[in-house]
Amino acid sequence: MKSELIVDVQPQEIAIALTEDDRLQEVNREKRNQDNFAVGNIYYGRVKKVMPALNAVFVDVGHEKEAFLHYLDLGSQFRTLHAYVTKAVSDRRKMPVVTKTPRQPEVGKEGQIADVLKVGDTLLVQVSKEPINTKGPRLTAEISIAGRNIVLIPFADGVMVSQKIKREAERQRLKQLLLSIKPAGFGIIVRTVAEDKRAAELDNELRLLMERWQQTVKTLQQKEPVSLVSEEMGRTLGIIRDVLSPDFTSIQINDKDIYDDVRNYLELIAPESAKIVKLYKGEQPIFDHFDITRQMKTGLGRTVGFKHGGYLIIDKTEALFSIDVNSGSKKIYEDQEENAYQFNMLAADELVHQLRLRDIGGIIIVDFIDMDSKEHQQQLYDYVRKLMDRDRAKHNVLPLSKFGLMQITRQRVRPAVEMEVEEVCPTCMGKGKIQASLLYTDKIAEECEQEYEKHGRGMKLHLHPYLYAYVTKGWWRSLAAQWRRKYGIKVVENQSLGMLETRFIAEK
């Protein structure tokens, strides 16, 4: 299987697309130049409300909505960590030593948060779920510093090895190795990708994670309550850290600075993979060149088709996602039961693909086509579970109910991917009347002149493919050629735009 990562860097956001065998599998978007409260960010917050009925507190971490911290997310060593943080901010000239911090009584699984925290208390917390809809971030007080192969946990004990590493001899090797090199006062989780890694590689990564922890404490000592202490690496590096495998053939990036960051990061965690990072310099937008735009527009609508004319209808409510399976007007088999079974099996492939592509989380209800055969129902259930095994998000799949519904829960840590795939009617722009089409190119020419007066030469004008074909017709005498000679503006084809939409971007 061939895997590629395509990174589209724009002034306002970075979009990251993961493809497998040229099929789009995941899309992530990250806003630039603002605190987006990403998973993994560490904050020095202040308790604003104690909610005994919820056994939780609301914490001010700087988001417009207060963040939620449940009692069970405090972690067993919360009191010890809290004492360490208090000592660190009370004497900002000296960094306290983890091993010299007296161990406090553990926080048990049974208890009340009001016995641990009160309004006004300051504490160190980490984002475990990004803000979604009207809810603020969800927090954990069990701080962890994640690397590619291992996760470092201050004030924890021992070494835990991923259950996905099946070979017992390898599990024991990793456990003994990490026990022998881990610093006192820290626990370690060994991730699945650490299987068969050399001791030197794991030791180097452990040193880097310890440096990040120490830098986090130093930053904490310079901050006042309600501030960002440590920012998780950008979404691009985070995805590379989590999904990079020998299957990756290339990482395409259209920005030199991000390209350099990714290469430098890979030199640290996987030097042999640094050569697959490539700087895209094509004239077409990078997502258009790699067919990402088309796949997003065909795959992220409310209705999504699959083989033989079948389709899914995907609807979102406040409480859950509902997915309806339809066979369309075609039949694969004359027998109704067999036909329903075959369409359901095809739908299962697209269903699992959509969950991952859109990063759908929470409760998902799937209404498959009714089948009478218990054997077919069991086979469909087993097939969906098998397909979901490749999903990195935590999930649970239940058998079909007597109503033919399948219930799926999937870990939700950030908002689902949404994209407007419908365009305003190009003839009326939603108003019922349009300007004379002959005048539209005059309007674009005026915009070109305005951009030239503001920014000078060196701008790119992005147009829908239909409009691009019209303005480039005739080469030397074309409108595009005239605008280039007069204003220094280069016309570029962009599939993501509406038919009459224009976009000016400065050339890099």
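These numbers come from the heavy atoms of this one structure, side chains and all, not from hydrogens, waters or symmetry mates.
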Q: Keeping to residues at least two apart or across chains, list the salt bridge (charged side-chain N to carboxylate O under 4.0 Å, His left out) pairs with something in residues 275-288.
A: Glu283-Lys460, Glu283-Lys490

Q. Would you say the side chains of Glu168 and Gln172 form a donor-acceptor pair under 3.5 Å?
A. yes

**Q.** Thr140 versus Gln126, side-chain donor and acceptor atoms under 3.5 Å
**A.** no

Q.
Ring-plane angle category for His289 and Tyr280, please: parallel below 30°, perpendicular beyond 60°, tilted otherwise.
A. tilted

Q. Using 4.0 Å as the upper bound for N to carboxylate O, is an ion pair formed by Glu26 and Arg392?
A. yes

Q: In plain terms, say whether Asp359 and Arg29 are close enough for a salt bridge, that is, a side-chain N and a carboxylate O under 4.0 Å apart.
A: no

Does the side chain of [Y] come within less than 4.5 Å of [X]'s, by heavy atoms?
X      : Y      : result
Leu177 : Val159 : no
His464 : Glu501 : no
Leu279 : Lys256 : yes
Phe155 : Thr101 : yes
Val39  : Glu130 : yes
Arg358 : Ile314 : yes
Thr409 : Ile364 : no
Leu152 : Ile150 : no

**Q.** Option among Lys49, Arg138, Lys135 that satisfies the salt bridge (charged side-chain N to carboxylate O under 4.0 Å, His left out) test with Glu66
**A.** Lys49

Q: List the atom of Tyr84, the atom of Pro96, and the distance in Å for their closest heavy-atom pair.
A: OH-O, 3.0 Å

Q.
Please evaluate residues Tyr311 and Phe306 with respect to the criterion ring pair (Phe, Tyr, Trp, His ring centres under 6.0 Å), reporting the C-alpha separation (whole Å), side-chain torsions for both, the decisive distance (0.1 Å), and the verdict.
A. CA-CA 6 Å; Tyr311 58 95; Phe306 56 87; 7.9 Å; no

Q: Begin with the C-alpha distance, continue with both residues' side-chain angles, and end with the deciding distance and a verdict on salt bridge (charged side-chain N to carboxylate O under 4.0 Å, His left out) for Arg212 and Glu205.
A: CA-CA 11 Å; Arg212 282 179 58 191; Glu205 183 167 351; over 6 Å; no

For residues 261-268, tabulate all N or O donor-acceptor pairs below 3.5 Å that involve a side-chain atom, not counting sequence neighbours.
from   : atom 1 : to     : atom 2 : distance (Å)
Arg263 : NH1    : Ala274 : O      : 2.9
Asn264 : ND2    : Asp260 : O      : 3.1

**Q.** Check against side-chain hydrogen bond (donor to acceptor under 3.5 Å, both in side chains), Tyr468 and Asn494
**A.** CA-CA 8 Å; Tyr468 172 84; Asn494 191 332; over 6 Å; no

Q: Apply salt bridge (charged side-chain N to carboxylate O under 4.0 Å, His left out) to the pair Arg207 and Asp203, showing each step before the final yes or no.
A: CA-CA 6 Å; Arg207 292 174 187 272; Asp203 184 53; 3.1 Å; yes

